[in-house]
Amino acid sequence: MPKILIQYGKSGALRYLSHLELMRALERSFRRANIRIQIGQGFNPRPRVSYGPALPVGTGSLAEYMVVEVIDSVAEDNLLEKMVSVLPKGLNIYRAKYIEGKQGLITSAVQSAAYRAKVKFGSDIEDVAALITRLREENRLSTRHKDKEKWVETNKAILDWQVKRKNGSIYDFYMLLSMNDQNSLRPEAVINKLSEMFCQAGKIELLELCRIEQYVNRGNPLINIYDFYEGVTMGSEFNKS
Amino acid sequence: MGLSNMGLQILYEILNDQDDIVAERVYAPWIDMEAAMREAGIPLFTLETHSRVADLDVLGFSLQHELIYTNVLNMLDLAGIPIFARDRDASYPLVIAGGPGAVNPEPMAAFFDLFVIGEAEELIVELADIIKDWKRTGGGGKQELLRRLSAIPGIYVPSFYDVSYTDNGLVREIKPNKGARATVRRRVIKDFNKIAVPTKPIVPFVDAVHDRCSVEVMRGCTRGCRFCQAGIIYRPVRERTREQIVSGISQILNNTGYEEISLSSLSSTDYTLIEDTLKTLSDEYTEKGVSVSLPSLRVDAFSVQLVKEIAKVKKTGLTFAPEAGTQRLRDVVNKNVTEDDILSTVRTAFEAGWQRIKLYFMIGLPTETEEDLQGIADLAKKIVDIGWQSLDRLARNRLMVAVSVSAFAPKPHTPFQRVAQNTLEEFERKQKFLGENIRGRHLTFKWHDAKSAVIEGTIARGDRRLADVIYNAWRLGCKFDAWTSEFKYDMWVQAFSDMGLDPRFYAARERTFSEILPWQHIDTGVTAEFLQDEYERALSSETTEDCRFNVCSSCGVCTNLDVDNILFG
């Protein structure tokens, strides 16, 4: 069956969808668009769709990926057009291509992800820059997630970063974080830690968080998921649809 | 939770299809959300446009059962709307209600401006037209609006009726004032096929109850179970054509992308074209990964055969409702099901591969004795034995018969509307008895909280004086009474005693045939004679046949409401 890799995003109120809710909303959208997905075998047949790493509730994204096994090959443009007309506001599809599917699951391919955090704090860019440098030099950082404590090596967890002033005390804080290894770190954890260290100048307030890209490596040069999966041309198949 | 309500979906679509009407949804926020809203001073708002509920023209509630009544009060309060209708002038929304609870509107009469009795598909548009006209012409006060609305058949304006009581607390008289009709007759859609299948349901993102493509294949049920209110207040049986069902489903699936189809009604396997319809649907949708389900199964082999067809892969569990443990008591309640039916049905189910059977029973039915309770335990054990015989060695390990027992609350407009409900003590003694007797491998026993059934039964047959009790209960902190974790029985008891009323007067008292019932002025089309006759037949264990397939039982609905059963099979 043809496999198609799709880059999609979620924003606005739909940032608050859980991964399961997101899956259901997407799969229902495919049905509405009349794009038939292969149904699996077994006790509880599920559509053959594989997703990338789950996005935390409340985090938006410009670069989520899914691989869908479709029954009829539909031209990429046509698929985008059909899907965009049925997707709920806040879900978006950016691009799609047919792939061979020999390169494994997205969840295991992802090694790092870039985030943009819109933050508010009452100090200078230089202070924050110094702070992040300090954090990375501290080497080890304890984080807590769902009552589990974990130590990460900060310089391996925070691969790269950049802070840009937007206006007044609002900044865009970009960070490239490791995923899929023992040093994987959630962006909120970085902000929280910085906020703790920053206490003399008040808190760093996280206003909005967005995943902007996911990569299959951790540096130089970064290769994103979409480029990583080799595309195939479906050729004359499209003439049918 | 509220999203699955079919009635609301239907009206939502009818109203929004009108050019100049906008219908939006509002649900009771859960306790944490309510606390956050009150803390932040955010009044109740609609889901679609976040409009303040207090700014609406009309606020409608669906009264699905009595244990949501305190939620109505809480929502009005959260919306900043005075709770009692008498405190609201024309600057507030008109607060209205419908649904099964409206057939005894009296306990809630003080809070609503009007009730819709019966089916609202046609009525709601007539109501909206009058309100539009009233607004356009500059009104004339709320009384004038209510007067005009009360002319619509099926609309009940409680303030147009005065109720007086005897020294003993019985209803002496229900007297229309302001020229209102003596009785309000239930509205019924004569030809159900003229009402389009709602095809644009809201698709929620969150995991909601019954979040699926649901089409009402028919309305009404004439099986005639004597405890069942729905069996009375949705008469007669009106089927949809198969074409309408199939095309409705196709449109809904296109619009929603749902992965499950449900054929809903009070008893869908009674739909005369059910076999053909299921086959059509299953041929069309199974390979597309869309499953088909039937929400309620009759206890017969035919039903099991049907489900076997549609549940090709997944056989989780089957649920049946024998209701009572002995043939005598099943005849009393007119559940036209024999023990042979039950046993052969479960045998078919086990042989088809099901291993888990759930059985629903009621305790506290009229004339019930210990023998009937023992009958529940015996029947459950017989079913375990059949399972043991029918299943192979491996499947036997997973054999499970789950007995679920609820406490009977007599409902208005049923043949049992005058019987005494069991007291809490009686219910608990019976539950204890069953708990001791329904034991063993492959058996589980679950019971519904009898305390909430007693409060439900009390309010269900209450009169207007209960308004103060419900208000008081809400003030004491009662809400979400249908949720076991939130239900506060002691607060309800206090709410009654604070008002000098005894719950047992309403629930646990046998009423004579001459006693005026608080809901006497609500006319479902079923005659008092029929209900009395059915009750007397119940006492002598005489069954009454389904008028769909046998002789007319003379309930009065067809003649009084000028309707007929409509069947296609």
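Protein chains get the first letters and strands the later ones, always in sequence-line order, with residue 1 at the start of each.
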**Item:** A:Leu14 versus chain B, the contacting section by heavy-atom distance below 4.5 Å
**Value:** side chain

**Item:** Chi angles and distances behind the ring pair (Phe, Tyr, Trp, His ring centres under 6.0 Å) call for A:Tyr94, A:Tyr8
**Value:** CA-CA 6 Å; A:Tyr94 304 112; A:Tyr8 67 97; 8.5 Å; no

**Prompt:** Should the ring pair A:Tyr51 and A:His19 be called parallel, tilted or perpendicular, given that the plane angle runs from 0 to 90° and is split at 30 and 60?
**Reply:** perpendicular

**Asked** Considering only heavy atoms from C-beta outward, does the side chain of B:Pro29 approach that of B:Leu78 to under 4.5 Å?
**Response** yes

**Prompt:** If only atom types and distance count, is the side chain of B:Glu13 paired as donor or acceptor with the main-chain N or O of B:Thr199 below 3.5 Å?
**Reply:** yes

**Message:** Any salt bridge linking A:Asp172 with A:Lys118? Criterion: basic side-chain nitrogen under 4.0 Å from a carboxylate oxygen.
**Reply:** no

**Prompt:** Between B:Tyr258 and B:Arg212, is any side-chain donor less than 3.5 angstrom from a side-chain acceptor?
**Reply:** no

**Complete:** Ordered numerically, the heavy-atom neighbours of chain A under 4.5 Å found in residues 249-256 of chain B are B:Asn254, B:Asn255, B:Thr256

